[in-house]
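Everything numeric here is computed off the predicted structure, so don't read it as measured data. This chain uses plain numbering: 1 for the first residue, then up along the sequence. The figures that follow rest on heavy atoms only: side chains count, while hydrogens, waters and symmetry mates do not.
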Amino acid sequence: MFAANLVGYLTGFLFTVFITRRLSEEEFGVWALIGSFIIYSLIPFNLVSSWISRDAARGKKIAGSAAALFALLAPISIIIYFLMAFGSAAAINYDPWTMALGVIILIPYIFLSLGKAIQSGYAPQNLGIARILFEISKVIIAFYLVVMMRSGLIGVFITMALAYLLQGTVLLYSSRPLFRKEVNKDLIFKWLKGTPINAVLVLSNVLTATDIVLMGLIIGKAVVAGYWQAAVVSSALVTSSSVLTLGLGPRLLSGGTQKDLDKAFSFSMLLIIPLFSGFLVLSKDILWILRPTYSGAWIAACLLALRGVVKSLGNFGAIALSGTDRFDQDEKISMRDYLASRIFLVNKINLTLTSLYIVSVAIYLFIAKNLVSDIIELITSVAAISLLFRIADAMIKLKLMKKLTELRINLKNTKDYIVASAIMAITIYILRMQIGKLSAKAIKATPPILMLIVVGALVYVGILYLMSRRFRDLLKDIYVFLGQYL
């Protein structure tokens, strides 16, 4: 999972360099806002997708019925997008028809959502294959349309539409065994009846993407969203490291113990701590590669990266709570059972804190609108607010884990990781000082930073190898595992 995420980050970062070097700060902000509008537009599908996945996992012939339901929901999704696009265009004083054209990304994404809903239950391994094709095709198409042809924002739209279409086609083609011409109306009604259960989680995820929209609409400038998105993209590898915790949930559901939690936590910290330490040193340079003017947002990027670390810690509490909950062991589950479950408790915490965060950001932006003229100061303040709420979220979940379960976070092995990461960070910093100012051209600025990343990784692995017997045993296990396939 982490390897796929790493590949996605690298190709995604390369794609972002392509567009940040060809789009103005305002155009990049518009692109970021459109991404949030698409998230809003997918609400109808996200409400039913998990139920489709569950039936697909049982091998039911549900593809035709799922396609029929998605076709019925598609007009609602498109209307949501147009309302958001035209409404925001006036607020940021941007061409409404250009923003409306972003719908060409939404339409293939609907097909992709259908494919994901089916394949996540039927054959999850196909999701990784399709994502690799998406990432590779995205970079190739963007290089031609955006870099070579200089087609600007429209070229970015076309790139994403084609890449999503390819990814969705692969997933839907793989779903053929579950296709049947007859549409099962009872099945569709069952999926629709389950939407209230998913509503809390879906709403929470949608609100998470609202901060960037508020920045653009309240301040009235898309360029603010552009700087925020640059900070988000640069810190993405650290913030997305929370995916390392995903495998723990199924393990706990199948009878996992404290030993499984210890292994998952130790492995997560093994990667998260050095990623964060290295980013603190190189954050400004990474932003410089995106676009020199974005380098001023390095403090905001570091705060967002720290938020990612804290989120990973909080995820262990959330997974411990939900993974040890046995409310759904029976075949028949009532709404009352769900509302009394720990899963609903976790979702309720997510929704409450996310709502408070969005309200806090809105209040700050309304106050700062006429008092703060510096974009960097604005996004740094929002990043700090985001970090504070993420800390509160993690503290609540870890406290509930301690109260409601017998699982505990074991910090025993983190000392070695912190020491090795500190030595790595100091080494990178000393070498970075020897390089001096980077070239304004991305192609010249990137190689020395990549060299520092490689050196940092080697230093971290070397120091940890000398310090930690547990790490040496891990390397041996990895070697034996790879030897089975080589």
Side-chain angles (χ1 to χ4, degrees), residues 1-2 197 200-201 204-205 207-208 238-277 303-329 333 336-357 360 384-419 421 468 470 474:
M1 177 66 75
F2 182 75
I197 294 179
V200 173
L201 178 60
S204 177
N205 291 337
L207 286 175
T208 302
V238 181
T239 57
S240 63
S241 57
S242 58
V243 301
L244 292 168
T245 64
L246 294 180
L248 178 61
R251 181 59 185 162
L252 292 178
L253 285 170
S254 61
T257 62
Q258 177 69 46
K259 186 177 180 180
D260 296 293
L261 176 61
D262 290 342
K263 286 182 177 179
F265 182 77
S266 179
F267 182 68
S268 296
M269 294 302 107
L270 170 69
L271 297 174
I272 291 173
I273 293 175
L275 284 174
F276 176 66
S277 302
L303 291 173
L304 292 176
L306 180 56
R307 182 188 67 174
V309 176
V310 175
K311 179 181 178 181
S312 296
L313 295 173
N315 277 357
F316 281 100
I319 293 173
L321 289 168
S322 59
T324 56
D325 196 354
R326 300 292 184 259
F327 86 99
D328 58 345
Q329 283 185 329
I333 308 169
R336 180 177 297 178
D337 293 331
Y338 171 70
L339 294 178
S341 69
R342 294 176 189 169
I343 292 178
F344 180 72
L345 174 62
V346 171
N347 290 340
K348 186 167 60 175
I349 292 171
N350 290 339
L351 179 60
T352 300
L353 289 177
T354 304
S355 300
L356 290 173
Y357 162 62
S360 300
I385 295 172
S386 176
L387 174 60
L388 290 175
F389 275 93
R390 184 55 66 184
I391 291 174
D393 175 82
M395 290 177 64
I396 291 172
K397 290 174 181 175
L398 291 174
K399 187 174 182 179
L400 286 173
M401 179 186 77
K402 186 176 182 180
K403 179 180 179 181
L404 301 177
T405 76
E406 296 180 355
L407 300 175
R408 299 292 183 269
I409 294 295
N410 187 352
L411 301 175
K412 180 180 178 181
N413 296 313
T414 56
K415 179 181 177 181
D416 292 339
Y417 304 153
I418 292 173
V419 172
S421 296
S468 173
R470 188 184 186 92
L474 175 63

Peer 1: Mind checking whether R307 and V310 have side chains closer than 4.5 Å, heavy atoms only?
Peer 2: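 Of all side-chain heavy-atom pairs linking V310 with R307, none is under 4.5 Å.
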Peer 1: Could you state the interatomic distance from OG (S322) to CG (N347), rounded to the nearest 0.5 Å?
Peer 2: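 Between atom OG of S322 and atom CG of N347 there are 8.5 Å.
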Peer 1: Ignoring hydrogens, what is the shortest heavy-atom contact between L353 and F389? Give both atom names and the distance.
Peer 2: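 So the minimum-distance heavy-atom pair works out to O-CD2, 3.7 Å.
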Peer 1: Any donor and acceptor pair, going by atom type alone, linking the side chain of T324 with main-chain N or O of A320 inside 3.5 Å?
Peer 2: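 Checking the backbone N and O of A320 against the side chain of T324, a donor-acceptor pair under 3.5 Å is found.
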Peer 1: Starting at CZ of F316, measure out to CG of L398 and round the result to the nearest 0.5 Å.
Peer 2: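 The CG atom of L398 is 10.0 Å from CZ of F316, to the nearest 0.5 Å.
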Peer 1: Hey, could you give me the CG/OG1 distance between L270 and T414, rounded to the nearest 0.5 Å?
Peer 2: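 Atom-to-atom, L270:CG and T414:OG1 are 11.5 Å apart.
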Peer 1: Step by step, work out the side-chain contact (heavy atoms from CB on, under 4.5 Å) result for K399 and M395.
Peer 2: CA-CA 6 Å; K399 187 174 182 179; M395 290 177 64; over 6 Å; no
Peer 1: I'd like to check L345 versus L404 (side-chain heavy atoms, cut-off strictly below 4.5 Å). Are they in contact?
Peer 2: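 In short, these two side chains touch, coming nearer than 4.5 Å.
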Peer 1: Using only heavy-atom distances, determine whether the side chains of N350 and K397 contain a donor-acceptor pair under 3.5 Å.
Peer 2: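 Indeed, the side chains of N350 and K397 share at least one donor-acceptor pair under 3.5 Å.
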Peer 1: Taking the side chain as every heavy atom from C-beta outward, state whether L411 and F265 have any pair of such atoms under 4.5 Å apart.
Peer 2: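 In short, these two side chains touch, coming nearer than 4.5 Å.
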Peer 1: At their closest point, which heavy atom of V238 faces which heavy atom of A305, and how far apart are they?
Peer 2: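 The answer is CG1-O, 3.4 Å.
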Peer 1: Looking at CZ of R390 and CG of L387, how far apart are the two atoms once the value is rounded to the nearest 0.5 Å?
Peer 2: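 Here the rounded value is 10.0 Å.
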Peer 1: Any heavy-atom pair between the side chains of L303 and S386 that's under 4.5 Å?
Peer 2: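 S386 vs L303: side chains apart.
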Peer 1: Do you know the tightest heavy-atom contact between L407 and T257?
Peer 2: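 Scanning both residues, the minimum pair turns out to be CD2-C, 4.1 Å.
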Peer 1: Once salt bridge (charged side-chain N to carboxylate O under 4.0 Å, His left out) is applied, do any residues pair with D416, and if so which ones, sequence neighbours excluded?
Peer 2: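 Listed in chain order: nothing, the list is empty.
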Peer 1: Taking C-beta and beyond as the side chain, do L321 and D325 meet within less than 4.5 Å on heavy atoms?
Peer 2: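 L321 vs D325: side chains apart.
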Peer 1: Just checking, any donor-acceptor pair under 3.5 angstrom between side chains of S266 and Y417?
Peer 2: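 Side chains of S266 and Y417: pair found under 3.5 Å.
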Peer 1: Between OG of S360 and CG of L356, what distance do you get to the nearest 0.5 Å?
Peer 2: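 So the OG of S360 and the CG of L356 are separated by 6.5 Å.
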Peer 1: Does the side chain of Q258 reach to within under 4.5 Å of the side chain of R408, using non-hydrogen atoms?
Peer 2: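 Contact flag for Q258/R408 side chains = yes.
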Peer 1: For the atom pair CD1 (I273) and NZ (K415), what is the distance rounded to the nearest 0.5 Å?
Peer 2: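 One gets 13.5 Å once the value is rounded to the nearest 0.5 Å.
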Peer 1: Could you please spell out the steps behind the salt bridge (Lys or Arg N to Asp or Glu O under 4.0 Å) verdict for K263 and D260?
Peer 2: CA-CA 5 Å; K263 286 182 177 179; D260 296 293; 5.7 Å; no
Peer 1: For S204 versus T354, what's the shortest heavy-atom pair and its separation?
Peer 2: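 S204 and T354 have their closest heavy atoms at OG-OG1, 3.6 Å.
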